[in-house]
Every structure is written in C-alpha cells, then in structure tokens.
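Below is one structure; the comments refer to it alone.
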Protein chains: 2
Amino acid sequence: MKKIRRSGRLIDLTNHLIHNPHQLIPLTYFAERYESAKSSISEDLAIIKEIFESQETGLLLTVSGASGGVKYIPTASKVEMRKFLTDLCSKLEDSNRVLPGGYLYMMDIIGNPRLMNEIGRYFATLFANNHVDVIMTMATKGIPLAYAVATYMNVPVCIVRHEHRITEGSLVSINYVSGSTKRIQTMSLAKRSLKEGSNVLIIDDFMKAGGTIKGMINLVEEFQSNVVGTGVLVEADHVEERLVDKYTSMTRLSEVNTKEKLVKVEIGNFFEKLNILKEE
Amino acid sequence: MKKIRRSGRLIDLTNHLIHNPHQLIPLTYFAERYESAKSSISEDLAIIKEIFESQETGLLLTVSGASGGVKYIPTASKVEMRKFLTDLCSKLEDSNRVLPGGYLYMMDIIGNPRLMNEIGRYFATLFANNHVDVIMTMATKGIPLAYAVATYMNVPVCIVRHEHRITEGSLVSINYVSGSTKRIQTMSLAKRSLKEGSNVLIIDDFMKAGGTIKGMINLVEEFQSNVVGTGVLVEADHVEERLVDKYTSMTRLSEVNTKEKLVKVEIGNFFEKLNILKEE
C-alpha cells in the first residue's frame, strides 16, 4: 500500500478494525502497511478510540510490549439497544404472526440479516469478556443469529442437528426430552466440529421450556467442553417448568392468544444480565 | 452527536457506510449528524471514496439532486480474491476431508464466519448490479454463505427446506428430482417469505448435478419471481449431466479418490463471470 496521509490512514484503519474484531493486531502491521512510524499509528488509534468510545460503537484496547498491539471490541450503547429492542417487541406483537397452534411466524425477522447482525452485536457486547471459543446453535433457525454473534466475536460456529448427515463424518449423538412435548428426541454434532476444552456460547432463536438448550448443554459436556453463556432471541413465558436456569433473552413472549390473535412481547432479561456483568 | 472535526467524521462516516451497504444515504443525514455543512461532508466523502477505491474495498456512488445521497457498494480486488480462493482450494485439498462415499467434510470452512463473509463479499461484488431483492438458499449448509452475501448486499434471505415446519404458516411445496440419486424429493418455502416479482439470487454451498438448484429455480417461478443469478461455493466436476447451465462457482472439485484419499480442487468459473460482467 502506498504511503498515505493521516486522513487516509484513519479511514483504512477503521475499515480494518471493523473487519477484524476481537483480534490483537501488532502496531508494526499498520506501520508497515502505511509506511509510517509506530508513534503516528498510535496517534491515529487514539483518535479512533475517542470516536468509537464516544459513539459507544466499540472499545479499542491497546496492549503494550513486544507482543502488544491493538484490539477492537464491538459494542453497542444501552440507549441504542433499548430503542432497537423496543421496536423489535412491537414488530413481534403484530397479530398477523399468529399461526395455528399458537406458533409465531418469525422468518421475516430471522431472514433479515440487518436485524440479526444488530442483535448479534448486542450478544457480542454482553459476552465480550467470557472467553468464548465457539458458538453452538441448533439447525436451522438458530443459525443466522449464531453467525451474527460469531462474526462480531470472531469465533467459529458449530451446528447441532436433529437428523444425521452423511457429509459430516463421525457424530456424537445424545437423546434429550423436549420440554414442551415431553418426547424423546435425538440431536447430534460432528465429532470434529468441537475441540475438547472449548468455551461454548449457546445461541438459539427460541426457548420454550428449554429442552433443546438443555440437550445442547449435555452435548457440550460430552465434548469435555464448558458452556460459558446461553443467549436466545425469544423466550416464551408461562412455561410450567423451565429446564434451564441460566440464560439471556432479548425478548419475552408473555402471551399468544390464538383466538383473538393477540401477541404480547416485552424485552427479556438482557439488560439485567448486562448490568450484572458491567458491575463485575 | 456533538460536533466533531474532520478526522472524527472520517472515522464515523467509514463505520456508518460499512454497516449500511447498498443503501442511499442523503447527505443531509450526515450534515445533521455532524452539525456540518453539506460541502464539508462532500469533501469527507471524496477522501473516503479515494481510499476505498485505491484499496478496491468498495465503491462510493454519489447521486446528486434532491433525492440524492451517497451509496457504498462493497467490493474486493481481483488480486485479493485470487489469493484467497487459491488458499481455499489448498484447504479443501486436505486429505483428511475425505469421508466414506466420496463426501467431503467442509464444516470447518462453512463454520468459519470470516471465510463465509469473505466469500460473501466476492459474490456481492459479482452480483452488485443485478438488482437483487432477496437471497434464496437451502437449509442448512447454504445458510451461512447466504447470510454473508445478504449482509453485503443489504437484502433479506429466504430459506427453502426439505422438511415441513409448523412454525412457518402456509407453504408452497414442489417435487424435484435429485440430480445424483434420481430420487423424487420435496422442497418448500413459506408463502410469505417471498414477494411476487422479486429478483432472487440463489446461493448454496455445494452443487453436484444441480437438482437442488433446479428445484429452487422452479420454486422461484411458483412465486412469480425471477432468478437473477446462482452462486455456489463448491461445484463437483465430472457429473454425467448438469441440470443447470447458468451458475457461478467459487471452487471446482475435480477429483475425490476415496481409496487414496486424494482431493483435487481448483478455482471455479468465478473470474470468467466477473470479467464478463465488468466488460458490460
């Protein structure tokens, strides 16, 4: 890259940091890229840090020393998150979503990458310090949100399935009891898609009694790994018995009245969890 | 947002444009955001345009007039794409991927959001001018790449499935013949997930004879919509009869020898398609 001035460096640095979150980048990388002194790069980064932090769009951590560098942690402001989640609740309360059996049509929300990325950013903000190695989700509806979180956290995704696939090699399968229907079901994960000793963040689109999430927690144990967090887009309230106690929900479905086509949705426990973490 | 200097505006503008691709943003939006004159914003954008275009990281289109503004189109440089795809081919040639039946383990590639986003960016570059309204993909393995393309193009995703789901309301289903196994299969799409008259870009992870893609093309017709492009991550070569003739592949699997655990992968027809488009 040819030598460029500060204004150009600020643009390219911003672009580079946004595309490489949660990754320690040595200052020498940028010094060479822009043929500039490390001291100039440090000044550039100080300007970016100030803007990112005043906008609450991200943190810029600088690690000094020989193996040091800069790391960008995407974040979102509480005000912005609350506004977005309030809007999302209204969207979910649309009576046209009510399907026979009390199910809710959500594919327009899940099918919208912009909404998924935004919520992914919030989960990435919440779990930024949980040393997440990999995101686990259940096929198929959890996948879009899982990838959104994974993109902001810069970690891989492993996909658990109900059916067996011949294209994934050896599998580890477990049986679990669905919390709502009480039926025994099977879920499996390709053996080589999760390393022993990984810190796993479970992400899913919907949680009723939590049977699927509980199954995933057991599956993580089968892989000698640890669950460091669980995040769901929507949790259903008024459940007889919740099988999972530790989880973070973005929204909470408190009522679905099929007859009157009435849906009530409120913000989940996300901000409570965020406050606890921030105080630690 | 409080008034900030040019250096701050360049950082925030870059951030904003990257997160809002393919969207016309009026200059007044930025003028108000930064409490600055439109002429200053125009100068800022000229600097960003120069850097983005010299780095081939994106185009900045300015539309003048009352309904005008600026639009960011993410792109990637040919040199960068060729290097990346060559590396990807080497990764795919790893003999440990060979599974019984001649299948290839690819979940480490598909499970890596960074790789998916990079390839998504290339497809978004190729199809930037195809007026894509929506990305269509097949559950489950096509989903990650589909969302990556959709993020860069700022359009929604609709997910076609083999099995029926009660949580999606009315469905449109079609039967199709699998190209490789010659068996009749069913695929379906939620009625309300695709509007009539949409321009659809089909994205999938793998294409052998093309039966699934052909099925999706028929499904698009059922919705009175148009296929404006088809992109696959890997196409298998040495297929008796290809059911689809127009498609773009990132890589081509030319040989899988299960006995000797030998895999041969080359770059697909992506660059040929890119050259044709660029000459138009």
Side-chain angles (χ1 to χ4, degrees), chain A residues 1-2 4 6-8 10-15 18-20 44 47-48 50-52 54-55 57-58 96 99-101 103-108 110-114 116-117 134-135 139-141 143-144 147-148 150-151 154-159 161 163 165-169 190 192-193 206, chain B residues 1-2 4 6-8 10-15 18-20 44 47-48 50-52 54-55 57-58 96 99-101 103-108 110-114 116-117 134-135 139-141 143-144 147-148 150-151 154-159 161 163 165-169 190 192-193 206:
Chain A
M1 182 165 177
K2 72 175 206 291
I4 52 174
R6 166 146 294 155
S7 56
L10 291 176
I11 295 163
D12 194 71
L13 271 165
T14 302
N15 191 353
I18 291 173
H19 285 101
N20 295 279
D44 296 342
I47 301 170
I48 295 175
E50 197 198 318
I51 296 293
F52 278 9
S54 73
Q55 298 291 312
T57 180
N96 289 321
L99 297 173
Y103 290 96
L104 223 56
Y105 181 81
M106 299 210 305
M107 271 316 292
D108 58 324
I110 293 174
N112 186 327
R114 179 169 287 201
M116 287 301 105
N117 290 335
V134 56
I135 311 280
T140 29
K141 291 217 192 94
I143 301 176
Y147 274 79
T151 293
N154 196 16
V155 294
V157 178
C158 66
I159 303 173
R161 295 164 191 279
E163 71 278 34
R165 283 298 173 104
I166 41 174
T167 54
E168 299 196 356
R192 55 172 120 172
S193 71
F206 193 80
Chain B
M1 181 167 177
K2 72 175 209 290
I4 51 174
R6 166 145 295 155
S7 57
L10 291 176
I11 295 163
D12 193 70
L13 272 165
T14 302
N15 192 354
I18 291 174
H19 285 102
N20 296 280
D44 297 342
I47 301 171
I48 296 175
E50 196 197 320
I51 296 294
F52 277 9
S54 72
Q55 299 290 311
T57 181
N96 289 320
L99 297 172
Y103 289 97
L104 223 57
Y105 182 81
M106 299 211 305
M107 272 313 293
D108 58 324
I110 292 173
N112 185 327
R114 179 169 287 202
M116 287 301 104
N117 289 335
V134 56
I135 311 278
T140 15
K141 291 218 192 94
I143 301 176
Y147 273 79
T151 294
N154 196 17
V155 294
V157 178
C158 66
I159 302 173
R161 296 165 191 275
E163 71 277 34
R165 284 297 173 104
I166 41 173
T167 54
E168 299 196 356
R192 55 173 120 174
S193 71
F206 193 79

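In the text below, chain A, chain B and the rest are named by the order of the sequence lines, each starting its count at 1.
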What heavy-atom pair brings [X] and [Y] nearest, and what distance separates the two atoms?
| X | Y | result |
| --- | --- | --- |
| B:Tyr147 | A:Ile110 | OH-O, 2.6 Å |
| B:Pro113 | A:Ala150 | CG-CB, 3.5 Å |
| B:Gly8 | A:Ile51 | CA-CD1, 3.4 Å |
| A:Leu99 | B:Glu168 | CD1-N, 3.7 Å |
| A:Ile143 | B:Pro144 | CG2-CG, 4.2 Å |

**Report entry** Side chain / backbone / both / neither for B:Phe206 at chain A, heavy atoms under 4.5 Å
**Finding:**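 For B:Phe206, there is no contact with chain A at all, as no heavy atom is under 4.5 Å.
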Query raised in the report: What part of B:Arg192 is in contact with chain A, defined as an atom under 4.5 angstrom from a non-hydrogen atom: side chain, backbone, both or neither?
Result: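 Both parts, backbone and side chain.
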Report task. Would you mind checking which part of A:Ala139 comes under 4.5 Å of any heavy atom in chain B, side chain (CB onward), backbone (N, CA, C, O), both or neither? Result -> both
Could you tell me the separation between the [atom1] atom of [X] and the [atom2] atom of [Y], rounded to the nearest 0.5 Å?
| X | Y | atom1 | atom2 | value |
| --- | --- | --- | --- | --- |
| A:Asn154 | B:Asn112 | CG | CG | 8.0 Å |
| B:Ile4 | A:Glu50 | CD1 | CD | 9.0 Å |
| B:Ile11 | A:Ser7 | CD1 | OG | 11.0 Å |
| B:Leu10 | A:Asp12 | CG | CG | 12.5 Å |
| A:Lys141 | B:Ile159 | NZ | CD1 | 8.5 Å |

**Report entry** Among A:Arg114, A:Arg6, A:Met107, residue most engaged with chain B (heavy-atom pairs, under 4.5 Å)
**Finding:** A:Arg114
**Report entry** Top contributor to chain B interface from A:Asn117, A:Thr140, A:Thr57, A:Val155 [non-hydrogen pairs under 4.5 Å]
**Finding:**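 Going by pairs under 4.5 Å, I would pick A:Thr140.
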Query raised in the report: Could you go step by step and tell me if B:His19 and A:Ile18 meet the side chain to side chain contact (heavy atoms under 4.5 Å, CB included) rule?
Result: CA-CA 9 Å; B:His19 285 102; A:Ile18 291 173; 3.9 Å; yes
Query raised in the report: Hey, which of B:Ile48, B:Asn15, B:Ile47, B:Asp108 has the most heavy atom pairs under 4.5 Å with chain A?
Result: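 Looking at each option in turn, the highest pair count goes to B:Asn15.
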